[in-house]
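Input: a single structure, listed below in C-alpha coordinates.
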Amino acid sequence: KNQVEQSPQSLIILEGKNCTLQCNYTVSPFSNLRWYKQDTGRGPVSLTIMTFSENTKSNGRYTATLDADTKQSSLHITASQLSDSASYICVVSGYYGQNFVFGPGTRLSVLP
Amino acid sequence: DGGITQSPKYLFRKEGQNVTLSCEQNLNHDAMYWYRQDPGQGLRLIYYSQIVNDFQKGDIAEGYSVSREKKESFPLTVTSAQKNPTAFYLCASSGRQGAENTGELFFGEGSRLTVL
(Lines give C-alpha, C1' and ligand atoms only; values in the text may rest on other atoms or scores of the structure.)
Protein backbone atom coordinates (compact mmCIF):
# COMPACT_ATOMS: atom_id res chain seq x y z
CA LYS A 1 0.00 0.00 0.00
CA ASN A 2 1.34 3.44 -0.92
CA GLN A 3 1.89 5.40 2.28
CA VAL A 4 3.74 8.45 3.54
CA GLU A 5 4.61 8.79 7.21
CA GLN A 6 5.95 11.89 8.92
CA SER A 7 7.61 12.48 12.26
CA PRO A 8 7.33 14.03 14.67
CA GLN A 9 3.62 14.75 14.68
CA SER A 10 4.31 18.10 16.32
CA LEU A 11 7.37 20.06 17.36
CA ILE A 12 7.99 23.15 19.47
CA ILE A 13 11.25 25.07 19.16
CA LEU A 14 12.60 28.46 20.15
CA GLU A 15 13.16 31.18 17.60
CA GLY A 16 16.62 31.00 16.05
CA LYS A 17 17.03 27.25 16.59
CA ASN A 18 17.33 24.65 13.85
CA CYS A 19 15.06 21.65 13.39
CA THR A 20 14.67 18.61 11.15
CA LEU A 21 11.44 16.98 10.04
CA GLN A 22 11.29 13.42 8.73
CA CYS A 23 9.34 11.73 5.96
CA ASN A 24 9.30 7.99 5.14
CA TYR A 25 7.42 6.60 2.17
CA THR A 26 6.48 3.33 0.53
CA VAL A 27 5.16 4.79 -2.73
CA SER A 28 6.19 2.80 -5.78
CA PRO A 29 7.01 3.56 -8.49
CA PHE A 30 8.54 6.83 -7.37
CA SER A 31 8.50 10.01 -9.46
CA ASN A 32 9.20 12.87 -7.10
CA LEU A 33 8.90 14.09 -3.52
CA ARG A 34 7.71 17.51 -2.47
CA TRP A 35 7.60 19.42 0.78
CA TYR A 36 4.80 21.91 1.33
CA LYS A 37 4.26 24.53 4.03
CA GLN A 38 0.70 25.13 5.13
CA ASP A 39 -0.19 28.07 7.34
CA THR A 40 -3.32 27.63 9.46
CA GLY A 41 -6.45 28.11 7.36
CA ARG A 42 -4.49 28.54 4.13
CA GLY A 43 -3.62 26.35 1.16
CA PRO A 44 -0.28 24.51 1.07
CA VAL A 45 2.61 26.24 -0.68
CA SER A 46 5.47 24.32 -2.31
CA LEU A 47 8.91 24.55 -0.69
CA THR A 48 10.95 22.00 -2.65
CA ILE A 49 10.53 19.23 -5.17
CA MET A 50 13.08 16.45 -5.73
CA THR A 51 13.27 13.72 -8.32
CA PHE A 52 14.92 10.31 -8.00
CA SER A 53 18.33 11.59 -9.02
CA GLU A 54 18.45 14.51 -6.58
CA ASN A 55 19.56 14.04 -2.98
CA THR A 56 19.47 17.61 -1.70
CA LYS A 57 17.75 20.85 -2.58
CA SER A 58 17.65 24.19 -0.80
CA ASN A 59 15.17 27.03 -0.75
CA GLY A 60 16.50 29.79 1.48
CA ARG A 61 16.58 28.50 5.06
CA TYR A 62 14.88 25.26 4.01
CA THR A 63 17.00 22.30 2.90
CA ALA A 64 15.43 19.01 1.84
CA THR A 65 17.29 15.73 1.45
CA LEU A 66 16.23 12.54 -0.25
CA ASP A 67 17.56 9.00 0.06
CA ALA A 68 15.73 7.04 -2.61
CA ASP A 69 17.34 3.77 -1.49
CA THR A 70 15.96 3.93 2.04
CA LYS A 71 12.87 5.91 0.90
CA GLN A 72 13.46 8.65 3.41
CA SER A 73 13.46 12.43 3.18
CA SER A 74 14.13 15.19 5.65
CA LEU A 75 13.41 18.90 5.76
CA HIS A 76 15.92 20.97 7.72
CA ILE A 77 14.99 24.48 8.81
CA THR A 78 17.86 26.75 9.78
CA ALA A 79 17.63 29.72 12.14
CA SER A 80 13.90 29.36 12.63
CA GLN A 81 11.61 32.37 12.60
CA LEU A 82 8.18 32.93 14.10
CA SER A 83 6.75 32.83 10.57
CA ASP A 84 7.96 29.24 10.21
CA SER A 85 5.12 28.17 12.51
CA ALA A 86 2.99 26.02 10.22
CA SER A 87 2.29 22.46 9.15
CA TYR A 88 4.83 20.85 6.85
CA ILE A 89 3.50 18.23 4.49
CA CYS A 90 5.49 15.62 2.59
CA VAL A 91 3.93 14.54 -0.71
CA VAL A 92 5.18 11.69 -2.88
CA SER A 93 4.00 11.13 -6.44
CA GLY A 94 4.15 8.09 -8.68
CA TYR A 95 3.51 7.67 -12.39
CA TYR A 96 4.38 10.74 -14.46
CA GLY A 97 4.28 12.91 -11.37
CA GLN A 98 0.63 12.17 -10.70
CA ASN A 99 -0.95 9.86 -8.10
CA PHE A 100 -0.07 12.14 -5.17
CA VAL A 101 0.20 10.52 -1.73
CA PHE A 102 0.13 12.90 1.24
CA GLY A 103 1.69 12.54 4.64
CA PRO A 104 -0.29 13.71 7.70
CA GLY A 105 2.06 16.63 8.25
CA THR A 106 4.24 17.88 11.10
CA ARG A 107 2.91 20.81 13.07
CA LEU A 108 5.82 23.18 13.91
CA SER A 109 5.48 25.92 16.50
CA VAL A 110 8.27 28.49 16.84
CA LEU A 111 8.19 30.39 20.12
CA PRO A 112 9.88 33.74 20.87
CA ASP B 1 -1.06 36.73 -11.66
CA GLY B 2 -1.67 33.04 -12.33
CA GLY B 3 -3.21 30.94 -9.66
CA ILE B 4 -6.17 29.08 -8.24
CA THR B 5 -9.17 30.84 -6.75
CA GLN B 6 -11.55 29.13 -4.38
CA SER B 7 -14.80 30.59 -3.11
CA PRO B 8 -16.34 31.07 -0.71
CA LYS B 9 -13.64 30.93 1.96
CA TYR B 10 -16.20 30.21 4.68
CA LEU B 11 -19.56 28.56 4.23
CA PHE B 12 -22.25 27.48 6.67
CA ARG B 13 -24.85 24.93 5.71
CA LYS B 14 -27.88 23.49 7.36
CA GLU B 15 -28.28 19.75 7.39
CA GLY B 16 -30.02 18.48 4.29
CA GLN B 17 -28.80 21.25 2.02
CA ASN B 18 -26.50 20.90 -0.96
CA VAL B 19 -23.71 23.44 -1.34
CA THR B 20 -21.32 24.11 -4.20
CA LEU B 21 -17.70 25.18 -3.77
CA SER B 22 -16.11 27.05 -6.65
CA CYS B 23 -12.60 26.48 -8.01
CA GLU B 24 -11.14 28.44 -10.92
CA GLN B 25 -7.58 28.32 -12.29
CA ASN B 26 -5.79 30.41 -14.91
CA LEU B 27 -2.63 28.31 -15.02
CA ASN B 28 -3.74 26.44 -18.17
CA HIS B 29 -3.43 23.18 -16.25
CA ASP B 30 -5.11 20.06 -17.54
CA ALA B 31 -5.53 18.30 -14.20
CA MET B 32 -7.61 19.53 -11.28
CA TYR B 33 -8.27 17.95 -7.90
CA TRP B 34 -10.46 18.29 -4.83
CA TYR B 35 -9.14 17.28 -1.43
CA ARG B 36 -10.64 17.16 2.00
CA GLN B 37 -8.53 18.00 5.05
CA ASP B 38 -9.49 17.02 8.58
CA PRO B 39 -7.44 17.81 11.71
CA GLY B 40 -4.49 15.46 12.19
CA GLN B 41 -5.02 13.69 8.87
CA GLY B 42 -3.37 13.90 5.49
CA LEU B 43 -5.26 15.30 2.53
CA ARG B 44 -7.76 12.86 1.11
CA LEU B 45 -8.72 12.87 -2.57
CA ILE B 46 -12.41 13.39 -3.34
CA TYR B 47 -12.45 13.74 -7.15
CA TYR B 48 -9.99 14.55 -9.88
CA SER B 49 -10.18 15.50 -13.54
CA GLN B 50 -7.39 15.18 -16.07
CA ILE B 51 -9.29 16.62 -19.02
CA VAL B 52 -12.41 18.61 -19.78
CA ASN B 53 -15.67 16.64 -19.57
CA ASP B 54 -14.00 13.78 -17.74
CA PHE B 55 -13.48 13.15 -14.02
CA GLN B 56 -12.74 10.24 -11.73
CA LYS B 57 -13.68 9.34 -8.17
CA GLY B 58 -11.01 9.58 -5.53
CA ASP B 59 -10.80 7.77 -2.21
CA ILE B 60 -13.78 9.49 -0.54
CA ALA B 61 -16.18 10.46 -3.36
CA GLU B 62 -19.41 9.35 -1.64
CA GLY B 63 -21.71 12.30 -1.00
CA TYR B 64 -19.87 14.59 -3.41
CA SER B 65 -20.27 15.46 -7.09
CA VAL B 66 -18.23 17.49 -9.60
CA SER B 67 -18.33 18.78 -13.15
CA ARG B 68 -15.61 19.83 -15.60
CA GLU B 69 -17.31 21.74 -18.41
CA LYS B 70 -14.42 24.16 -18.83
CA LYS B 71 -10.68 23.69 -18.45
CA GLU B 72 -10.52 26.55 -15.96
CA SER B 73 -13.33 25.44 -13.66
CA PHE B 74 -13.91 22.42 -11.40
CA PRO B 75 -16.78 23.04 -8.94
CA LEU B 76 -17.50 20.63 -6.09
CA THR B 77 -21.00 20.00 -4.77
CA VAL B 78 -21.34 18.67 -1.25
CA THR B 79 -24.65 16.89 -1.18
CA SER B 80 -26.95 16.06 1.71
CA ALA B 81 -25.78 12.47 1.34
CA GLN B 82 -22.38 13.37 2.78
CA LYS B 83 -22.61 12.21 6.40
CA ASN B 84 -19.92 14.42 7.91
CA PRO B 85 -19.28 17.34 5.58
CA THR B 86 -17.71 19.77 8.07
CA ALA B 87 -14.11 20.10 6.87
CA PHE B 88 -11.56 22.21 5.05
CA TYR B 89 -11.72 21.69 1.29
CA LEU B 90 -8.76 22.31 -0.98
CA CYS B 91 -8.74 22.57 -4.76
CA ALA B 92 -5.51 21.99 -6.68
CA SER B 93 -4.26 21.82 -10.23
CA SER B 94 -1.19 20.50 -12.01
CA GLY B 95 0.29 20.50 -15.48
CA ARG B 96 1.63 17.41 -17.19
CA GLN B 97 5.13 16.45 -16.00
CA GLY B 98 7.68 16.86 -18.76
CA ALA B 99 10.97 18.46 -19.64
CA GLU B 100 9.65 21.91 -18.85
CA ASN B 101 7.10 21.08 -16.22
CA THR B 102 7.65 19.37 -12.91
CA GLY B 103 3.96 18.54 -12.66
CA GLU B 104 3.90 20.57 -9.47
CA LEU B 105 0.64 20.67 -7.55
CA PHE B 106 -0.69 24.19 -6.94
CA PHE B 107 -3.34 24.76 -4.28
CA GLY B 108 -6.07 27.28 -3.74
CA GLU B 109 -6.59 28.98 -0.38
CA GLY B 110 -9.26 26.53 0.69
CA SER B 111 -12.92 26.67 1.68
CA ARG B 112 -14.06 25.88 5.21
CA LEU B 113 -17.51 24.30 5.32
CA THR B 114 -19.41 24.07 8.60
CA VAL B 115 -22.68 22.21 8.93
CA LEU B 116 -24.98 23.66 11.57
Side-chain angles (χ1 to χ4, degrees), chain A residues 1-11 21 23-27 29-54 57 59 64 66 86-108, chain B residues 2-11 21 23-25 27 29-51 56 58-60 87-114:
Chain A
K1 181 180 178 181
N2 290 331
Q3 282 188 318
V4 176
E5 298 177 343
Q6 293 186 242
S7 62
Q9 185 176 27
S10 61
L11 181 62
L21 314 181
C23 173
N24 298 335
Y25 63 92
T26 58
V27 178
F30 172 86
S31 178
N32 56 57
L33 184 146
R34 314 145 193 256
W35 283 93
Y36 283 84
K37 177 185 179 187
Q38 184 179 22
D39 293 317
T40 301
R42 306 288 298 275
V45 175
S46 179
L47 293 175
T48 65
I49 178 171
M50 290 184 291
T51 61
F52 183 88
S53 59
E54 298 174 297
K57 182 165 283 188
N59 177 2
L66 173 65
S87 289
Y88 292 83
I89 302 171
C90 177
V91 185
V92 181
S93 55
Y95 290 112
Y96 304 108
Q98 304 300 309
N99 186 29
F100 305 101
V101 183
F102 291 81
T106 292
R107 177 69 199 176
L108 174 66
Chain B
I4 300 177
T5 302
Q6 288 187 239
S7 63
K9 187 161 179 66
Y10 299 97
L11 184 61
L21 308 181
C23 178
E24 303 278 334
Q25 56 100 357
L27 299 167
H29 285 166
D30 289 311
M32 296 187 73
Y33 310 80
W34 273 105
Y35 292 94
R36 171 177 171 143
Q37 188 174 37
D38 294 285
Q41 298 188 34
L43 274 67
R44 293 184 290 169
L45 182 64
I46 304 173
Y47 269 98
Y48 66 100
S49 167
Q50 294 186 326
I51 196 169
Q56 305 295 327
D59 301 319
I60 56 167
F88 189 55
Y89 292 88
L90 285 162
C91 178
S93 72
S94 70
R96 290 192 180 277
Q97 181 169 310
E100 298 180 354
N101 184 352
T102 61
E104 184 171 343
L105 199 58
F106 291 86
F107 287 90
E109 286 297 301
S111 294
R112 183 166 298 281
L113 172 63
T114 302

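Just so it is clear: chains get the letters A, B, ... in the order the sequence lines come, proteins before strands, and each one is counted from 1. Side-chain atoms are counted along with the backbone in the values below, which use heavy atoms only and exclude waters and symmetry mates. Not measured: the values here are computed from a predicted model.
- No more than 12 heavy atoms of other residues, nucleotides or ligands shown are found within 6.0 angstrom of CZ on A:Arg42.
- Inter-residue side-chain proximity for B:Leu43 and A:Ile89 is flagged as met; some heavy-atom pair is nearer than 4.5 Å.
- With a 4.5 angstrom heavy-atom cutoff, B:Gln6 does not touch chain A via any of its atoms.
- For B:Tyr48, no part lies near chain A; criterion is any non-hydrogen pair under 4.5 Å.
- Taking a 6.0 Å sphere around CD of A:Glu5, one finds it holds 12 or fewer heavy atoms contributed by other residues, nucleotides or ligands.
- Interface residue B:Gln41: only backbone heavy atoms are found under 4.5 Å from chain A.
- Note that OG of A:Ser46 and CZ of B:Phe107 are 9.5 Å apart. Values are rounded to the nearest 0.5 Å.
- Only the side chain of A:Gln38 comes within contact range of chain B, with heavy atoms under 4.5 Å apart.
- In terms of heavy atoms, A:Pro44 sits closest to B:Leu90 at CD-CD1, 3.8 Å.
- Between A:Ser93 and B:Leu105, every side-chain heavy-atom pair lies at or beyond the 4.5 Å cut-off.
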